[in-house]
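Single-structure report; data block below.
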Amino acid sequence: MRDEFWRAVMAIETFYPFEEVEPRWQRAWDEQGLWKTPAGAARRKYYVLEQFPYPSGKLHMGHVRVYTIGDAIARLRRMQGYDVLHPMGWDSFGLPAENAAIKNDAQPAAWTEQCIANMREQFHRLGISYDWEREISTCRDDYYRWNQWIFIRMWEQGLVERRKAAVNWCPRCATVLANEQVINGRCWRHEDTEVEIRPLEQWFLKITDYAEELLKDLEEKLGAWPNLVTAQQRNWIGRSEGALVKFTVKETGEELPVFTTRPDTLFGVTFMSVAAEHPRVREWIRGRENEREVQAFINHVVMEGRAARTDEAAEKKGIALGIHAINPVNEREIPIYIANFVLMEYGTGAVMAVPAHDQRDFEFARKYGIPVEVVIQPEGKTLDAACMEAAYVEPGVMTHSAQFDGLPSEQAKQEITEWLARQGKGEKTVQYRLRDWLISRQRFWGTPIPFIYCEGCGLVPVPLEDLPVKLPENARFGGEGNPLATVPEWLEVECERCGGKGRRETDTMDTFFDSSWYYLRFTDPKNERVPFDKAAAESWMPVDIYVGGKEHAILHLLYSRFFTKVLRDMGLVTLDEPFKQLLTQGMVLNTGTDPRTGETKMFKMSKSIGNVIDPNQLIAERGADVARLFILFASPPEKDLPWSEQGVEGMSRFVNRIWRHAQNHGEALRAAGGGDVTPGEITEEADRALLRMIHEATRRVTHDVGERFQFNTAISACMELFNAIGDYAPRAGDALSARLWAMATRRLAVLLTPFAPHLAEELWQRVGGEGLVAQQAWPSWDEAALRVETIEIAVQVNGKVRGKVRVAAEAGEEAVRAAALADETVQRFIDGKTIHKFVYVKGKLASLVVK
RNA sequence: GCCGGAGUGGCGGAAUUGGCAGACGCGCUGGACUCAAAAUCCAGUGAGGGCAACCUCAUGAGGGUUCGAGCCCCUCCUCCGGCACCA
């Protein structure tokens, strides 16, 4: 009993009671409405946004990392006097809710709302400063009605197309996927599931209309984005310049255009290859003796599937069709083949083949005994087609190319293209790899596509004033097909136009549609008239800093850029790019053992490896501030974060030490009174050093967080300040000394606020700070306090540091030189030598060159 | 193959962008307190040499520019991420 009592006393004294402290300050912030978005328009604005989560019901460490980063920035900016918009919401449509509904025989809406409530509570426990009055959730009809509104407006602008195409189908998701959602031929959500290609009629958004601008603005407007992301987008858009060349099919006389980036090799074309899916093939082989054989080959290629066909080392296979194309530059007849590597989706689905100067064509030609003809010679060498072992793909000098002989090939590209254009046999064109965004999904839990199939008038958009088309609340899950089709009273409607019988579209939108404009909705989240008010959007946009994972480098970030441009062209906003600066944080890793390979090392936290740390447990055991501090301190935000139990432990120690300082000295510090010490008041060297540390830490935290987003070094600066406070011995009876000590402690509280907001409040209060530390103005630093009277200068002799001299801070070059030459160690190295050169870098070092 | 990163102590990482490499933290070693342990506090901690003042080596490898290079240039190696038969 007695032991327990003392243990309890010890615990109170020694350990920071975060369980009591943290909720108390969270309540204080809430009660005072500290995170409400200011309405004023005159001051500087700052929009901090973190990618909103799918509400799985549970935060994981990756979430904690992004949201802590965003919160640190938001808190700093508020204290710096910005009007800060820092909202949060839920990307709440999507498959997990639907799967849960199937499993539990429930409705996805209720399940989702429960998850949201859980997660909101966890955000709260972390002390993240969101304005919850602006919360949005994409699965609520006050949000998704605007998806439908935007979709119909896009339709009116000709940006929506319903068309039949060979599309990606994930059998596990039981829905089609966008191109961007297929990774190496597999579903982005199901690594082990190969995507099938199915010819289906689907809804597309014409993102390709914006390909050029999306590419151009990467260079011109997104300088503050990581290279990694802009490079990936550039790659994905895949612009290539070339020429469209009109070949003719000899047997039918029809025109057969090809796209090539190498018009300079046009005289070396020895065959043509077309895609197995090429629409003309069936016609060409009809009735020919090889019809069956070719058809069998086509079936074989198509059956192989996209993944196998586009695999790196897949064998090049083809079959001659027995018909011919005529080369427009020299009227030569060349055989047409089907080749398995030719894709129907790129270019025209037909390729002019130049084996001498294209590696694929080379391999293909060698395999099928097709001639190889050199038309470009490398500088100073002569290629012999008969003994070539690989295609020559570099530039060179034109040969066997009629009037173009002798030209450099780069120049010939131009001239041949121009010649073709004059002859009406071709033109300059640009091709993109980017394809239109397939946006329809055969799923229930998404935004219904607001269209009606009328027996009389065909496809009819739902009138804007009839929106939203709400999801029914009584769909049956678990059966075949889309649950939307199980609700007849929802499905069957009267056509607005003719009053005839109509049926609703049962496809819903890709959830990436929802997240493509949510950042705009946050600027005006409750608007019932339009998606967002233009003035509201303009007052907050662009997002000043967007924090999120790089896994969305292409998907979400490309779609959002596209939407911004579309909404701009509709006149809803005047803005070219939504996200001014992008901060892509790394993954959270922990040691674990791969159950498959038996390998033990750092892995991304995952259930299958069993190395997950649960944030709830961490917060319960150590408190939110320790979690926040450790995450920010362990590595810079864009790098992966290796979890370390000992690192967390160390951070707990830091927090406890601060707490003990407040406990042990709180009374003395409060008694010392407020009022900052100015450099002019200082007489003691120790005081000057502490004051310098105060200002130095202020400068570093301001710079590291505010400009570099390097939280690890900012926290280091706080630790150094605290170490200095600990080393400082206030002189008994010396008021200035006491005041300085108190100032240092209060400053520490202020500087810690962005990272450890609860601890900072507690410290602030205990050392007699007034009001809430979260509401303090961010301090500036005084250059005068940073100044020192004497400085140590390193003296180099022939590039090596040989001595150190102490000189007055303002000492001129001559004085430093004299001091340097007088140094004993330096003298040893210059003795008997002549000084050739003397360099003085002010305040840093002196360098002597001797011989 | 192409594009983008990164290689610094036993570990995570610093280095104000060409100026004293290793801040801060973890770990480790020694000491204080304790009957003891934990916690806490103090000191030390890149490697090698020296009693010491000091010296030598050291930022993936090799060259270069410079009074001076972790940082700039060239060649190469390794690792991570993305794209990959795109005509």
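Letters A, B, ... are given to chains in the order of the sequence lines, protein chains preceding strands, and every chain is numbered from 1.
A:T348 comes within 4.0 angstrom of nothing in the nucleic acid, heavy atoms only. Residue contacts shown for A:K800 are limited to sugar-phosphate atoms, with no base heavy atom under 4.0 Å away. A:R802 comes within 4.0 angstrom of the backbone, heavy atoms only, and of no base. In this structure, A:G650 reaches the sugar-phosphate backbone alone: every heavy-atom distance under 4.0 Å involves primed, P, OP1 or OP2 atoms, never a base. Within 4.0 Å of A:D358, counting heavy atoms only, lies no atom of the nucleic acid at all. A:F630 comes within 4.0 angstrom of nothing in the nucleic acid, heavy atoms only. The residue A:P226 sits apart from the nucleic acid: no heavy atom pair falls under 4.0 Å. Heavy atoms of A:V849 sit under 4.0 angstrom from primed sugar atoms or phosphate atoms, though from no base atom. A:R700 comes within contact range of no nucleotide atom at all, as no heavy-atom separation falls under 4.0 Å. At a threshold of 4.0 angstrom between heavy atoms, the contacts of A:T261 are confined to the sugar-phosphate backbone, with no base atom among them.
Nucleotide B:rU66 carries an anti base; the chi torsion (O4'-C1'-N9-C4 or O4'-C1'-N1-C2) is more than 90° from 0.
A salt bridge does not link A:E638 to A:K550: none of the charged side-chain nitrogens sits closer than 4.0 Å to a carboxylate oxygen. Salt bridge annotation for A:E645-A:R622: present, with a cationic side-chain nitrogen under 4.0 angstrom from a carboxylate oxygen. Under the 4.0 Å criterion applied to side-chain N and carboxylate O atoms, A:E363 and A:R366 are not assigned as salt-bridge partners.
Both A:N235 and A:E792 lie close to RNA chain B; mapped to their nearest nucleotides by heavy-atom distance, the more 5′-ward contact belongs to A:E792. Positionally, the nearest nucleotide of RNA chain B for A:R699 lies more toward the 5' end than for the other of A:R699 and A:E649.
Within the structure, a side-chain polar atom (N or O) of A:R433 is placed less than 4.0 Å from OP1 or OP2 of B:rA84. A sub-4.0 Å separation between OP1 or OP2 of B:rC86 and a side-chain N or O of A:R360 is present. Taking 4.0 angstrom as the limit, A:R653 places none of its side-chain polar atoms (N or O) nearer than this to OP1 or OP2 of B:rG25. A close approach under 4.0 Å does occur between a side-chain nitrogen or oxygen of A:Q710 and OP1 or OP2 of B:rA14. Of the side-chain N and O atoms in A:N723, none sit less than 4.0 angstrom from OP1 or OP2 of B:rC24.
Considering only side-chain atoms of A:S716, the nucleotide from B:rC24, B:rG4, B:rC86 that sits closest is B:rC24. Proximity note for A:A231 (side chain, C-beta onward) versus B:rG4, B:rA14, B:rG19: the nearest is B:rG4. For A:V841, taking side-chain heavy atoms from C-beta onward, the closest of the listed nucleotides B:rG19, B:rG5, B:rC24 is B:rG19. When the nucleotides B:rA15, B:rC20, B:rG13 are ranked by their closest atom to the side chain of A:P636, B:rG13 comes out on top. Listed candidates were B:rG5, B:rC83, B:rG13. Nearest to the side chain of A:I183 is B:rC83. Checking B:rG13, B:rA87, B:rC41 against the side-chain heavy atoms of A:P642 singles out B:rG13 as nearest. Nearest to the side chain of A:T825, among B:rG19, B:rC54, B:rC26, sits B:rC54.
Between the CG atom of A:N798 and the C1' atom of B:rG19 there is a distance of 16 Å, rounded to whole Å. Protein atom NZ of A:K639 is 20 Å distant from nucleotide atom P of B:rG4, rounded to whole Å. Counting to the nearest Å, the P atom of B:rG68 and the CG atom of A:L848 are 13 Å from each other. Following rounding to the nearest Å, A:E394 (CD) and B:rG1 (C1') show an atom-to-atom distance of 12 Å. Here B:rG4 presents its C1' atom at 12 Å from CD1 of A:I554, a figure rounded to the nearest Å. The distance from atom CZ of A:R239 to atom C1' of B:rC3 is 18 Å, rounded to the nearest whole Å. Distance CD (A:Q796) to P (B:rA21): 8 Å, rounded to an integer number of Å.
Relative to the six-membered ring of A:F755, A:R628 misses at least one condition, a distance below 6.0 Å or an angle of at most 45° to the axis.
Nucleotide B:rC85 forms a pair with no other nucleotide shown, judged by Watson-Crick or G-U wobble geometry with both contacts under 3.5 Å.
In A:K246, the NZ atom is crowded: over 12 heavy atoms of neighbouring residues, nucleotides or ligands sit closer than 6.0 Å. Around the CD atom of A:E191, the shell of radius 6.0 Å holds no more than 12 heavy atoms that belong to other residues, nucleotides or ligands.
Within 3.5 Å, no donor on the side chain of A:Q359 pairs with an acceptor on the base of B:rG1, nor the reverse.
For A:Q181 and A:R189, the side-chain atoms include no donor-acceptor pair closer than 3.5 Å.
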